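Worksheet for the structure shown next.
Computed from a predicted structure; not experimentally measured. Just so we're on the same page: letters track the sequence lines, and every chain starts at 1.
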There are 6 protein chains.
Amino acid sequence: MPIIRVEIWEGRTIVQKRELVEVISRETARITGCGLDSIYVIIEDVKKENWGAGGELCSDKYPDDLN
Amino acid sequence: MPIIRVEIWEGRTIVQKRELVEVISRETARITGCGLDSIYVIIEDVKKENWGAGGELCSDKYPDDLN
Amino acid sequence: MPIIRVEIWEGRTIVQKRELVEVISRETARITGCGLDSIYVIIEDVKKENWGAGGELCSDKYPDDLN
Amino acid sequence: MPIIRVEIWEGRTIVQKRELVEVISRETARITGCGLDSIYVIIEDVKKENWGAGGELCSDKYPDDLN
Amino acid sequence: MPIIRVEIWEGRTIVQKRELVEVISRETARITGCGLDSIYVIIEDVKKENWGAGGELCSDKYPDDLN
Amino acid sequence: MPIIRVEIWEGRTIVQKRELVEVISRETARITGCGLDSIYVIIEDVKKENWGAGGELCSDKYPDDLN
């Protein structure tokens, strides 16, 4: 019964989230042998101003990047 | 000094959150012997579109459920 | 389908963990209206040397405390 | 630069972990458009006695299951 | 490649977040010997109504505090 | 009352952990205005075989690195 948490910059579409959950769950079930029904995925949309990389806020460092 | 984190679908009322914090903290103190004042609880309201179960988004799978 | 995570100093007995899971799950189900079967609890045993409080390691600050 | 955390019962082999990291990272990069090099995956091996499901410890509820 | 997560009451300014990321990353690099570029910091703004301390919601217990 | 969680490859000494907790707590108190006593830091020692970067296990990718 794996629990998977994905932290990612906000801005993903519902279509991307749907595919992310579908694929990660299916592949995790296949690789680990767990039942698909026992797998949970939680996506956390993180603002770029709340994410630091290399000592800088991503909102400062990557103002125009989406990914 | 336990730290407890509760991930739950968004939509809980303040009354439910208040009782959840009160009861979980009190019971954890009783069972573990920690002082009540040393217990922290953080609630994370998760959108159903950010929660996957069995490979599907909960917003697709349980569109009308609240819990 | 709440997911609850409890970080606590290592040293809890299996009896304490069993009661913690039982009570927290049951009370969360009662308060939120979620089904008991949909509730998961993960306990993380944390060494006192990995836990800082007020700027000090708990292994330094509370060398003899168990809770 | 997604960060992905996988909580799973302990007992996965290094071969399973390697494939899990490889596949989840590659698929996340493909779906989100992030660079593969910016993706991190952390696996947390959780003992069954530290994982509760439906109010019971998994070590009690599923003593013989591996997944 | 440390990953640091800071949970804090919401209300920090961008200036505070910027300094927090800068200083924590730099000091972690210095103390651990990791490269600054390999350090990530994620800030989670938590509402006081989602944070319990000593069995009470912080929105009840500290209605006027900001920190 | 910030809670800070540091995930880092295992192998840090107690001296490094002590300094990490001391400095991060002090600087967080200074920048945010929170009381030092209200700050908690939890360090999670992560095995390199449980940490993936760019689709590879760190135990494969960086077999000789310590940081």
Going by heavy atoms in the side chains, are F:Val46 and F:Ile8 under 4.5 Å from each other?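 When only atoms from C-beta onward are counted, F:Ile8 and F:Val46 do not touch, as no gap falls below 4.5 Å.
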
Please determine whether side chain to side chain contact (heavy atoms under 4.5 Å, CB included) holds for the pair F:Ile43 and F:Val21, giving the CA-CA distance in whole Å, both sets of side-chain angles, and the decisive distance to 0.1 Å. CA-CA 9 Å; F:Ile43 298 168; F:Val21 162; 4.1 Å; yes

Taking all non-hydrogen atoms of both residues into account, name the closest pair between D:Gly35 and D:Ala29 and its distance. C-CB, 4.5 Å

Just list the donor-acceptor pairs under 3.5 angstrom between chain F and chain D, please.
| residue | atom | partner | partner atom | Å |
| --- | --- | --- | --- | --- |
| F:Glu7 | OE1 | D:Arg5 | NH2 | 2.5 |
| F:Glu7 | OE2 | D:Arg5 | NE | 2.8 |
| F:Glu7 | OE2 | D:Arg5 | NH2 | 3.3 |
| F:Glu49 | OE2 | D:Lys17 | NZ | 3.0 |
| F:Asn50 | O | D:Ile43 | N | 2.8 |
| F:Asn50 | OD1 | D:Lys17 | NZ | 2.6 |
| F:Asn50 | ND2 | D:Ile43 | O | 3.3 |
| F:Asn50 | ND2 | D:Asp45 | OD2 | 2.8 |
| F:Gly52 | N | D:Val41 | O | 2.6 |
| F:Gly52 | O | D:Val41 | N | 2.9 |
| F:Gly54 | N | D:Ile39 | O | 3.0 |
| F:Asp60 | OD1 | D:Arg18 | NH2 | 3.1 |
| F:Asp60 | OD2 | D:Arg18 | NE | 2.6 |
| F:Asp60 | OD2 | D:Arg18 | NH2 | 3.4 |

Side chain, backbone, both or neither: which part of D:Ile42 has an atom under 4.5 Å from a heavy atom of chain F? both

Side chain to side chain contact (heavy atoms under 4.5 Å, CB included) between D:Val6 and D:Leu20: does it pass, once the steps are laid out? CA-CA 9 Å; D:Val6 181; D:Leu20 205 56; 4.3 Å; yes

